[in-house]
Amino acid sequence: MDYQFKQIEKEWQKFWAQHQTFKAEVDTNKPKYYVLDMFPYPSGAGLHVGHPLGYIASDIFARYKRLKGFNVLHPMGYDSFGLPAEQYAIQTGQHPAKTTETNINRYREQLDNLGFSFDWSKEVRTSSPDYYKWTQWIFMQLFNAWYNKETDRAEHISTLIAKLETIPATEIKAVCDDDVLPLLPSDWSAMSEEEKQSELLKYRLTYLKESTVNWCAALGTVLANDEVKDGFSERGGHPVEQKKMMQWSMRISAYADRLLKGLNDIDWPEPLKEMQRNWIGKSEGAMVSFELEGHSQQVSVFTTRVDTLYGVSFLAIAPEHELVASLTTPAQKAEIDAYILATKKKSELDRMADVKTVSGAFTGSYAINPLSGEKVPVWIADYVLAGYGTGAVMAVPSGDQRDYLFAKHFNLPIVQILDAQICDTEADPTKEGRYVNSGIINGLTYKEAVAKIVAALEEKGMGYAKVNYRMRDAIFGRQRYWGEPVPVYFKNGLPYLIQEEELPLLLPEIDKYLPTESGEPPLGRAKDWKYQDEYEYELSTMPGWAGSSWYWYRYMDANNDAAFADKDKIAYWRDVDLYIGGNEHATGHLLYSRFWNKFLKDMGYVVEEEPFKKLINQGMIQGRSNFVYRVNDIDGKGTNEFVSYGQKSNYSVTPLHVDVNIVNNDTLDIEAFRNFRPEYKDAVFIYEDGSNSLSAEDGRGEAKYICGHEVEKMSKSKFNVVNPDDLVERYGADTLRMYEMFLGPLEQSKPWNTNGIEGVFKFLRKFWKLFHDENFNFQVSDAAPTKAELKALHKIIKKVEEDIERFSFNTSVSSFMIAVNELTDLKCNKKAVLQELVILLSPYAPHITEELWKLLGNRPGTLSFAQFPTFNPVYLVEDEFAYPVSVNGKTKTNLLLPLTMEPSEVEKVVLADEQIQKYLDGKTPKKVIVVKGRIINLVV
RNA sequence: GCUGAAGUGGUGGAACUGGUAGACACGCAGGACUUAAAAUCCUGUUCGCCCUAAAGCGAGUGCGGGUUCGAUUCCCGCCUUCAGUACCA
């Protein structure tokens, strides 16, 4: 029979499911390999053709590793808590769990269509109580932990309590809030239980704190920094404002340095690591305190250029800074108030777009330079961010451009501090030369100056060296319904954990998925939802990233209800060897996951410091839209006439999107177009050849309407969404799998273009034909392969292995085509060759190869665990080589010579060659370069 | 602005350590088969010049330089596109 992909694919998908072919069990006799995909959020739109790209690549790799003798864990699941299901619930009243279930089923169906080798017995769903029980459990561990800088790891809170009982709190090296009390052991023991709890909260790795948050009124929730884009929410594009709220936070900043260092040990794309480095934003500098004239408080600033301290001509503090009110003199009050009001009015977006305008206001107060004793004015300015450093800067106009502009604008002094510094027209941040106008560091170089200034500040108690990070602690709460409940209740305003045995804390049912009338989160609607019928539960839920920050461990032991995963299983599977996903998760998911992983390692629950050893970003698949061109009449109004792409320059036209699914290789399906919309029913066309009737005059076939095209985002409104199911229906999963790989390098973003899928389909048919005679009877021979056949085979063995190892799947598809073309030309139907080829191709096209494997007489289903063919270089050895002969680097001709011939001998033959003499034009070459087995170059 | 990635035929792309640029595929053109079409198969296809043809000549990997016998590949400068980030003190 001809290649019947539909029947073959259904049959094998059923077989794999029934036999649980890909179920992975711990097997200490085999090396493990863990291949993971970033699990999807099951949206209502289903999978489009861009989603499976990474899944196909990882599936090929997983199948390849199985053939190489590895015990492969290759699971899949769903990140099923999230906003869209809840938005839908608000609109329709339908429970998000129900929508989610429907969407998951659809996803599963689509995934099953593609023949992935997932171990579905280990499926996880973050929204299932069996799963979020353990997300809550990890939250509890974080609550019960603090970060000890001495041991450089997280520890149980009990070790902190032990310290507080024995040593002064000031001697405890902890990552904690700034306002921890300087308690003595006696103070601690004198505290009430509640006072103690309140103090411990300042140390816990997850803690409740009043913080400035990104509040999105339209979504009714708080967003993380990475969910805000240019002052608008990433999802939905609603405005976001700064607001103070009590919020759960995760002390990820405790891990800043380890998160930074760990990047050196993992095999991730360099750009991705760079993004994380920038996000963590480590900067080394110093804290400097300035006394304030007439006040008891001080202002401290963070600076990376403590050497410029003598160049400070004013202090600038954020309008939100806590000292603004007390620093403002009566005379300046009106001006300051007006400025603060103006700043608040400006939206985040304006403030960013408006980088060039200098603005600020003088408080009327003065600060004292700790080293020079000089009086400098204190200003407020919106270029100083409340959220970074201390929310105050020491302004050095000679060395910092923003300070420079500010000083120019407000006529403040600009003091040169280095002899090599040129700051007549702009700031000069270089560190060259020796210091001038700089008190104790005059005449010194940069390096000497920094050390001396830090020492002087430390001696006076006015400053110290400090490392600062841009990364803030992560907000860990959403005022939303469809997320994990936080396992916390409140007693006298203080948070307490519920008991571990009481997990999971189930998401309660509510009547509407909206905030309460008093503005509390939706959980405030739950009736009689109280801990021990008495205490209020936490009403916010966990953010989207909670469930995805540890899910790869759950796959190891998905059905365990005694632990998030069994210790022995974690000890076997350890970490993810290969992780494939989009790079939109660079600073969110991937950073939080590394953080939780390090914490779990500190607490002894897992074994590896880093969760994802190797990571690959698959490129985004963009949409490729098609256009028809509607002709406008003289008044510019649209007509019902459409002109083909090549003829459109002769008319005034309006381009209109047309559904890519009724366009084939940019040729419009006229019939389908007429049915696309009622108003097109009687459309008139001007075809590519300029004619306006379907059949050309000479009867040489049909005229064509050619569409224009453009690359855009894949979206419904642009009619460029391509559904994988349609392509599977037409060409089969094996063709789609190979075509997605054939499209180009995995990491590269590219527009989806179905043109060309035929080529891959033809290839598979040609491959099928190798095993069949003209009448499609299965027929292979047991004869011994010829030298040429073995050469073709071993060439592809070598190529495919090398390509898979470097994730170059597109080139191996080409190589398969070449191999099949060669074997077809050789009329090869030798089992010895074809059977090896079946194994080689099986990771790419698993269905057709399973079928042929069976037809070749092997036990069904054993292909997945066959042995990957071994490359033997003997078959590729050549004894002759057609040397390209070039003159001055330009190739002129080829010369067939034995490979054993030595270069000196080659040179002689070349110079004697009649043909080559012609190119030399009678001249004697100055030099002859012979690279054995490569090239001959004559220099004239 | 800063950081990163990338620019190769009509299109997707290949060329892995500097060694025959354009593999493989799409599209297109021509042909075979067919009453016809679809499907299939064969031939050609970087551009320009020359030519009945065979053959030949020249240019060519974003642009301008450099290193080298030889550069898509290495170095310097510039341009364009995409992504991330954005007053970070």
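Every value quoted in this text rests on a predicted model; they were computed, and no experiment measured them.
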When pairs are called at under 3.5 Å and a stem needs at least three consecutive Watson-Crick or G-U pairs, the stems of RNA chain B are B:1-7 with B:79-85, B:10-12 with B:24-26, B:27-32 with B:40-45, B:46-49 with B:56-59, B:62-66 with B:74-78

Between [M] and [N], how far apart are the [atom1] atoms? Round to whole Å, please.
N      : M      : atom1 : answer
A37(B) : C28(B) : P     : 16 Å
A83(B) : U73(B) : C1'   : 24 Å
G60(B) : A53(B) : P     : 27 Å
U11(B) : U46(B) : P     : 14 Å
G7(B)  : G12(B) : P     : 12 Å
A21(B) : G9(B)  : C1'   : 11 Å
G4(B)  : G13(B) : C1'   : 23 Å
C82(B) : G62(B) : C1'   : 15 Å

Which nucleotide wins on minimum distance to the side chain of [X], given the candidates [options]?
X         : options                : answer
Met817(A) : G19(B), C24(B), U3(B)  : C24(B)
Thr811(A) : U3(B), A14(B), C87(B)  : A14(B)
Arg806(A) : U40(B), A15(B), C87(B) : A15(B)
Lys750(A) : C16(B), C87(B), G13(B) : G13(B)
Glu802(A) : U20(B), U3(B), C16(B)  : C16(B)
Tyr388(A) : G19(B), A89(B), C16(B) : A89(B)
Ser814(A) : A23(B), U11(B), U40(B) : A23(B)
Pro271(A) : A89(B), G4(B), C69(B)  : G4(B)

Minimal heavy-atom distance between Pro884(A) and Asn894(A), with the atoms involved, is CA-OD1, 3.2 Å

Using whole Å, what does the distance between atom [atom2] of nucleotide [N] and atom [atom1] of [X] come to?
X         : N      : atom1 : atom2 : result
Phe761(A) : C26(B) : CZ    : C1'   : 16 Å
Lys273(A) : A5(B)  : NZ    : P     : 13 Å
Leu272(A) : G4(B)  : CG    : P     : 14 Å

Residue pair Arg934(A)/Ala392(A) against RNA chain B: nearer the 5' end by closest nucleotide is Arg934(A)

On RNA chain B, more 5' by nearest nucleotide between Glu270(A) and Asn468(A) is Glu270(A)

Indicate, with a heavy-atom threshold strictly under 4.0 Å, whether [X] touches base, sugar-phosphate, or nothing.
X         : answer
Val939(A) : sugar-phosphate
Ile818(A) : sugar-phosphate
Lys799(A) : base
Asn810(A) : sugar-phosphate

Report yes if a side-chain nitrogen or oxygen of [X] is closer than 4.0 Å to either non-bridging phosphate oxygen (OP1 or OP2) of [N]; otherwise report no.
X         : N      : answer
Lys769(A) : U40(B) : no
Arg470(A) : A89(B) : no
Thr891(A) : A21(B) : yes
Asn821(A) : A25(B) : yes

Under a 3.5 Å threshold, yes or no: a donor from one side chain and an acceptor from the other, between [X] and [Y]?
X         : Y         : result
Asp428(A) : Tyr404(A) : no
Asn468(A) : Ser283(A) : no
Asn264(A) : Lys273(A) : no

Where along residues 740-748 of chain A does a heavy atom come under 4.0 Å from RNA chain B, residue by residue in number order?
-> Phe742(A), Leu743(A), Pro745(A), Gln748(A)

With Tyr883(A) via ring-ring contact (aromatic ring centres under 6.0 Å, His included) - residues at least two apart | Phe881(A)

State which residues pass ring-ring contact (aromatic ring centres under 6.0 Å, His included) with Phe807(A); sequence neighbours excluded, sorted by chain then number.
-> Phe61(A)

Who pairs with Thr893(A) by side chain to side chain donor-acceptor pair (under 3.5 Å), at least two apart in sequence or on another chain?
-> none

Does Arg277(A) have any side chain to side chain donor-acceptor pair (under 3.5 Å) partners at least two apart in sequence or in another chain, and if so, which?
-> Glu270(A), Glu274(A)

Does Asn937(A) get its side chain close enough to the base of C69(B), under 3.5 Å, for a donor-acceptor pair?
-> yes

Quick check: are there more than 12 heavy atoms from other residues, nucleotides or ligands sitting under 6.0 Å from NZ of Lys932(A)?
-> yes

I would like to know whether Thr308(A) and Met394(A) meet side-chain contact (heavy atoms from CB on, under 4.5 Å); could you show each step before the answer?
-> CA-CA 9 Å; Thr308(A) 63; Met394(A) 55 177 231; 3.6 Å; yes

Verify the ring-centre separation between Phe816(A) and Phe767(A): is it less than 6.0 angstrom?
-> no

Under the side chain to side chain donor-acceptor pair (under 3.5 Å) criterion, do Tyr469(A) and Ser253(A) qualify, and how do the steps go?
-> CA-CA 8 Å; Tyr469(A) 295 94; Ser253(A) 58; over 6 Å; no

When syn is taken as a glycosidic angle within 90 degrees of 0, is G62(B) syn or anti?
-> anti

